[in-house]
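Shown next, in structure tokens, is the structure this report addresses.
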Number of protein chains: 2
Amino acid sequence: MGEKVTIYDIAKKLNITAATVSRALNNNPKIKASTRELVIETAAKMNYKPNKLALALKSGKSNNVGVIVPRIDSNFFGSTIRGIEEVLYPHGYHVIICQTHEEEKLEIENINTLLNAQVDGILMSISNAEIDKDHIINRVLKKNVPLIFFDRKKNIDGVSTVTINDFEAGYKVTKHLIDQGCKRIAHLSGDKSMEIYKDRCLGYKQALLDNGFEFDKNYIIQTKSKVEEGRKAVKKLLKMKNPPDAIFSASDFVALGAIQELKSKGIKIPEEFCVAGFSNEPFTRFMELSITSVDQFPLEMGKMAAKVFLEQVKDSGKVKIEKKVVLTPKLHIRKSTLRKNNA
Amino acid sequence: MGEKVTIYDIAKKLNITAATVSRALNNNPKIKASTRELVIETAAKMNYKPNKLALALKSGKSNNVGVIVPRIDSNFFGSTIRGIEEVLYPHGYHVIICQTHEEEKLEIENINTLLNAQVDGILMSISNAEIDKDHIINRVLKKNVPLIFFDRKKNIDGVSTVTINDFEAGYKVTKHLIDQGCKRIAHLSGDKSMEIYKDRCLGYKQALLDNGFEFDKNYIIQTKSKVEEGRKAVKKLLKMKNPPDAIFSASDFVALGAIQELKSKGIKIPEEFCVAGFSNEPFTRFMELSITSVDQFPLEMGKMAAKVFLEQVKDSGKVKIEKKVVLTPKLHIRKSTLRKNNA
DNA sequence: TAGATTTGTGTAATCGATTACATTAATTTA
DNA sequence: TAAATTAATGTAATCGATTACACAAATCTA
């Protein structure tokens with residue numbers, strides 16, 4: 001019933017002490033071969049399994065790492081978590097998932113409860129880079145718990161980061177639109193308090209400037225990552241005196257909404273208007289009018305974050321390392337921006 | 001630096017024992033009010049946080065639950081996990097994620113490591129219902145660890161399940177296709193070793209029979225949930241002497257592939273051919289030719305599974321309960337099957 | 001005012017492992 | 001063959017909490 005076999009049960013059965021059992025099971029060379037074998041055999045027979053909690057308490061290592069993301073039911077975060085898990089599982093780590101729903105309060109609460117649960121590391125996508133989180137971050141660092149930001153980072157000493165080059169991505173998309181002959185390129189940005197959106201926007205600006213385009217700040221509209229926001233934005237843009245003929249959206253969902261709205265107005269894509277998104281959501285390639293988008297390699301990003309964590313664990317105690325890994329984004333050019341005469 | 005504050009540190013500072021500190025922090029009424037306040041105050045000042053591992057070891061409750069799914073980077077499982085997390089987090093539970101990639105070996109390994117980690121419960125989507133898993137399942141049950149299957153279940157005594165009525169879903173879709181005037185309805189099924197696919201197929205059959213259609217087993221093609229498989233299946237079906245004029249696919253991805261192939265052959269959807277999918281993946285409603293599909297309410301399913309777990313924990317020790325929760329699927333009728341003359 | 005209660009804390013065992021430090025028995029050395 | 005090694009195992013502390021039991025001081029009872 002209870003079926004809780006401990007080393008003491010094995011010890012009792014064999015008339016030896018728990019210490020000997022422990023040593024035998026850990027292949028301590030001081031133990032006589034015959035004893036070792038007997039113990040191992042008996043342990044197997046009794047279906048003994050070590051209690052990870054006891055080990056964790058004793059060693060101070062829980063073999064759990066916390067992963068904090070805004071949400072997991074999105075392709076991007078789901079894939080990063082998959083990558084993290086794939087790398088860490090073979091090393092004996094378990095992944096504890098926490099969602100913040102972009103809420104500041106939950107973010108801090110999550111870190112706290114993860115620390116109390118004695119996780120061996122925290123991998124997170126921080127939501128708002130402007131709000132001061134130094135206090136809680138310091139708690140993590142003081143405890144010497146490796147902390148790694150992925151995708152949504154904030155520059156903090158001692159914190160490693162794994163990101164893609166959002167600036168480059170923004171630049172590439174914009175340059176591509178320019179190459180397709182677009183003259184007035186608008187940008188549907190995201191929450192500017194996040195570095196990723198800031199950087200994408202900066203890349204956009206730089207590409208414009210480098211190519212002799214003038215930058216009009218009215219062409220930048222802040223949106224939340226929702227289809228409806230794309231429709232709204234297009235309505236607004238089309239009312240302008242000098243409406244754009246292309247959109248670089250920092251979100252695939254917003255790009256989708258934009259496309260829907262443009263189509264409903266009878267505007268032809270990509271002939272009259274080009275639209276590019278961001279994140280390479282599955283639907284962007286499934287659509288009949290497939291959508292040009294940026295691949296952020298979420299799986300790779302997750303794997304990389306996990307690897308950085310493993311390195312930090314290995315080297316802990318030695319020099320404090322701080323890695324900044326930047327992945328190169330890949331632009332998938334699809335129908336929504338590909339004009340045939342240019343192909 | 002180390003910043004590890006324990007109740008002993010607090011005790012030392014106040015010249016009392018750890019027992020008193022523990023009691024004060026736990027609002028034990030035997031403790032003098034003044035002492036309690038002093039302790040609580042000092043604990044806050046020293047930034048004391050209880051060590052969850054120690055608590056877990058003592059109490060035998062880790063406050064962790066394991067969730068085992070084939071993968072997390074899918075809309076369906078991502079959403080169920082989100083639901084689980086949302087319900088359990090407020091109750092102080094953490095969710096440990098494990099992926100099986102449909103591999104038998106990993107499934108068993110995951111259960112084992114979760115048990116060794118002393119999880120308080122396991123919620124899982126079992127991959128293959130035909131392979132005998134009694135041994136490992138028994139280990140869970142013997143340990144009195146609540147076990148709940150969601151979506152992909154297997155009928156086992158003592159195991160609660162939360163599923164949707166896949167039979168009904170299959171029936172509804174097929175009936176809908178019949179109502180739209182389709183005469184020869186094919187079914188693209190999934191791995192028949194899973195109950196969900198078996199049931200969807202049974203619902204399909206029953207609907208055919210109930211409506212005076214004859215059932216042709218050549219109209220059933222087994223597929224894996226991939227776009228390419230849908231294309232292949234359609235190629236095969238169209239080569240038949242008496243090709244179908246509708247497809248009920250047990251997967252949205254397969255349905256998508258089918259649609260792509262049909263279109264490439266110049267077949268008009270839904271006028272000449274209707275296609276319905278399953279799972280209500282986001283892309284099904286985003287497509288220009290939106291795809292009829294079945295909503296499995298993954299978020300609700302996750303929440304429900306978590307609630308069943310909570311009930312079992314509460315009632316543990318009392319009668320052993322075994323809940324079978326069946327959610328009703330919802331058919332979203334979209335362009336891919338909606339013939340205007342029928343609307 | 002002696003005995004019974006109550007109040008507030010301390011002592012020590014416990015959860016299940018690991019491990020530094022004995023300790024005993026066996027073997028080697030001189 | 002006595003002393004020195006070595007081999008194999010036992011004893012007990014430890015990780016950080018909780019809690020049954022013990023106990024002294026304060027308060028109540030008759």
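Every chain is numbered from 1 and lettered A, B, ... according to where its sequence line falls, protein lines coming before strand lines.
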Whole-Å gap separating P (D:dG10) and CZ (A:R23): 8 Å
Have a look at [X] and say if it touches a base, only the backbone sugar-phosphate, or nothing, with a 4.0 Å heavy-atom cut-off.
{"X": "B:N26", "answer": "sugar-phosphate"}
{"X": "B:T35", "answer": "sugar-phosphate"}
{"X": "B:K30", "answer": "base"}
{"X": "A:L53", "answer": "nothing"}
{"X": "A:K58", "answer": "base"}
{"X": "B:S22", "answer": "base"}
{"X": "A:T17", "answer": "base"}

Determine yes or no for a side-chain-to-main-chain donor-acceptor pair under 3.5 angstrom, with [X] supplying the side chain and [Y] the backbone.
{"X": "B:E322", "Y": "B:G158", "result": "yes"}
{"X": "B:N26", "Y": "B:N28", "result": "no"}
{"X": "A:S125", "Y": "A:F150", "result": "yes"}
{"X": "A:T35", "Y": "A:I31", "result": "no"}
{"X": "A:S62", "Y": "A:Q118", "result": "yes"}

Reckon A:T20 has a side-chain N or O less than 4.0 Å from the OP1 or OP2 of D:dT9? no
Please evaluate residues A:K153 and A:E195 with respect to the criterion salt bridge (Lys or Arg N to Asp or Glu O under 4.0 Å), reporting the C-alpha separation (whole Å), side-chain torsions for both, the decisive distance (0.1 Å), and the verdict. CA-CA 7 Å; A:K153 72 164 193 294; A:E195 291 205 5; 3.1 Å; yes
So the contacted stretch of DNA chain C, first to last nucleotide with an atom under 4.0 Å from a non-hydrogen atom of chain A, runs from C:dG16 to C:dA20
Nearest 0.5 angstrom please: A:S79 OG to A:F297 CZ, how far? 12.5 Å
Among B:I96, B:L106, B:L114, B:I97, the one residue meeting side chain to side chain contact (heavy atoms under 4.5 Å, CB included) with B:I68: B:L114
B:E86/B:R82 ion pair, N-O < 4.0 Å: yes
Angle of first-five versus last-five pair axes in the helix from C:dT1-D:dA30 to C:dA30-D:dT1, to 10 degrees: 60°
Per nearest nucleotide of DNA chain D, the residue lying toward the 5' end, B:A54 or A:R36, is A:R36
